[in-house]
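The next block holds one structure in the form of structure tokens; read it before the comments.
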Amino acid sequence: MFKTIEWRKNSVVMIDQRALPTEERYLTYKNYTGVAKAIRDMVVRGAPAIGVAAAMGIALGALKIREKDRRGFKSQFKKICKAMAETRPTAVNLFWAIEKMKKVLSNNPRLSVKELKERLVDEAVTIYSEDIDINVRMGRNGRRFIKNGTSVLTHCNAGALATAGYGTALGVIRAAIEEGKSVKVFVDETRPFLQGSRLTAWELKKDGIDTTLIADNMAGYMMKKGFINCIIVGADRIAANGDVANKIGTYSVAVLAKQHKIPFYVAAPTSTIDLNIKNGDQIPIEERNANEITHIKGIRIAPKNINVKNPAFDVTPNRLVAAIITENGVARGDYQKRLKKFVNGN
Ligand code: MRU
């Protein structure tokens with residue numbers, strides 16, 4: 001089994017997701033600037049995995065700080081956190097993980113620099129291992145929505161590759177299959193970065209799960225013909241009212257699902273819920289390089305100098321979402337109250 005990301009002897013090892021599915025190669029990072037670049041360049045991607053990578057990157061950076069006094073250490077540490085925060089704007093798990101790392105300093109005012117470094121490494125490794133556990137719990141909470149014999153459509157990659165392991169949306173599918181249910185998965189390509197065809201199809205096939213690849217523009221036809229009975233996706237940021245930011249194209253799938261009376265589910269850890277954001281309009285949407293649209297594997301597929309828009313995410317309004325599945329429970333419609341409860345435990 002592959003490992004998406006791993007802390008190994010004061011370095012971070014990641015599978016290079018840009019090279020999949022044709023090549024399974026691993027890259028080793030020894031400094032935080034390398035990890036920040038890996039997040040920006042999509043070596044690692046997917047909201048929870050970005051959070052884990054950021055935490056590990058910060059731990060790497062902290063280990064290299066030379067200052068022996070807390071004050072000097074803190075000012076270098078802040079710089080590292082700032083660099084990490086500037087990598088990608090939409091997935092809130094990134095900022096959640098940075099906050100967790102900052103708390104190691106603020107909650108331990110008496111620790112020496114040496115002790116702080118150890119604690120920061122421990123925290124990053126804990127964020128990693130807890131993520132796997134959270135995904136397994138999410139799977140158990142969500143598997144009842146996937147009936148025996150269901151055909152599920154998923155968009156982008158919300159699997160083991162997007163997390164520390166097991167996955168969010170794919171975790172729910174895996175949990176249903178582990179219960180003995182027969183499940184067929186439709187995977188759409190997810191233009192322009194092709195997370196569906198390159199990553200989701202790869203990891204599902206590796207697991208021996210019944211997988212069928214379709215192009216993005218086939219979703220409506222497949223729903224109308226009755227090939228799809230349920231949709232499940234992950235999320236990059238969920239607003240307090242249950243509006244969901246996820247990979248561009250998610251909104252179109254949700255609208256189509258509504259039209260065809262097919263339930264549309266979102267599976268995400270509570271670290272993806274941003275209670276500071278009232279609704280989806282306030283979620284920052286990353287705009288990525290035009291090359292992702294004009295080129296495929298370095299080959300130009302559009303005229304030179306054509307105007308391009310490349311928003312990497314869209315927002316699905318809460319009214320199109322049948323349920324939000326988290327590790328702490330499932331919200332169905334009553335998002336405002338339930339999501340707050342899941343995050344704060346009250
Ligand atoms: O641009 P990406 O590949 O980082 O976008 C990933 C997604 O949109 C995923 O669906 C989301 O992060 C959920 S992953 C469990």
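Just so it is clear, the structure is predicted and the values come from calculations on it, not from any experiment. Counting starts at 1 for both ligands and their atoms, following the listed order. The residues of the chain are indexed from 1 along the displayed sequence.
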Electrostatic pair [X]-[Y], nearest N-O below 4.0 angstrom:
X      : Y      : result
Glu6   : Arg8   : yes
Glu118 : Lys114 : yes
Lys117 : Glu115 : no
Arg18  : Asp16  : yes
Lys309 : Glu287 : yes

Exercise. Should the pair Arg198 and Phe193 be classed as cation-pi, given the thresholds of under 6.0 Å to the six-membered ring centre and 45° from the axis?
Worked result: yes
Taking a 3.5 Å cut-off between nitrogen or oxygen atoms, can you list every pair linking ligand 1 to the protein, with distances?
residue: ligand 1; atom: 1 (O); partner: Arg88; partner atom: NH1; Å: 3.4
residue: ligand 1; atom: 1 (O); partner: Arg88; partner atom: NH2; Å: 2.8
residue: ligand 1; atom: 1 (O); partner: Lys247; partner atom: NZ; Å: 2.7
residue: ligand 1; atom: 3 (O); partner: Arg45; partner atom: NE; Å: 2.8
residue: ligand 1; atom: 3 (O); partner: Arg45; partner atom: NH2; Å: 3.3
residue: ligand 1; atom: 3 (O); partner: Gln195; partner atom: NE2; Å: 2.8
residue: ligand 1; atom: 4 (O); partner: Gly46; partner atom: N; Å: 2.9
residue: ligand 1; atom: 4 (O); partner: Arg88; partner atom: NH1; Å: 2.8
residue: ligand 1; atom: 8 (O); partner: Asp236; partner atom: OD1; Å: 2.7
residue: ligand 1; atom: 8 (O); partner: Asn246; partner atom: OD1; Å: 3.1
residue: ligand 1; atom: 8 (O); partner: Lys247; partner atom: N; Å: 3.2
residue: ligand 1; atom: 10 (O); partner: Asn246; partner atom: OD1; Å: 2.6
residue: ligand 1; atom: 12 (O); partner: Ala47; partner atom: N; Å: 2.8
residue: ligand 1; atom: 12 (O); partner: Asp236; partner atom: OD1; Å: 3.3
residue: ligand 1; atom: 12 (O); partner: Asp236; partner atom: OD2; Å: 2.9

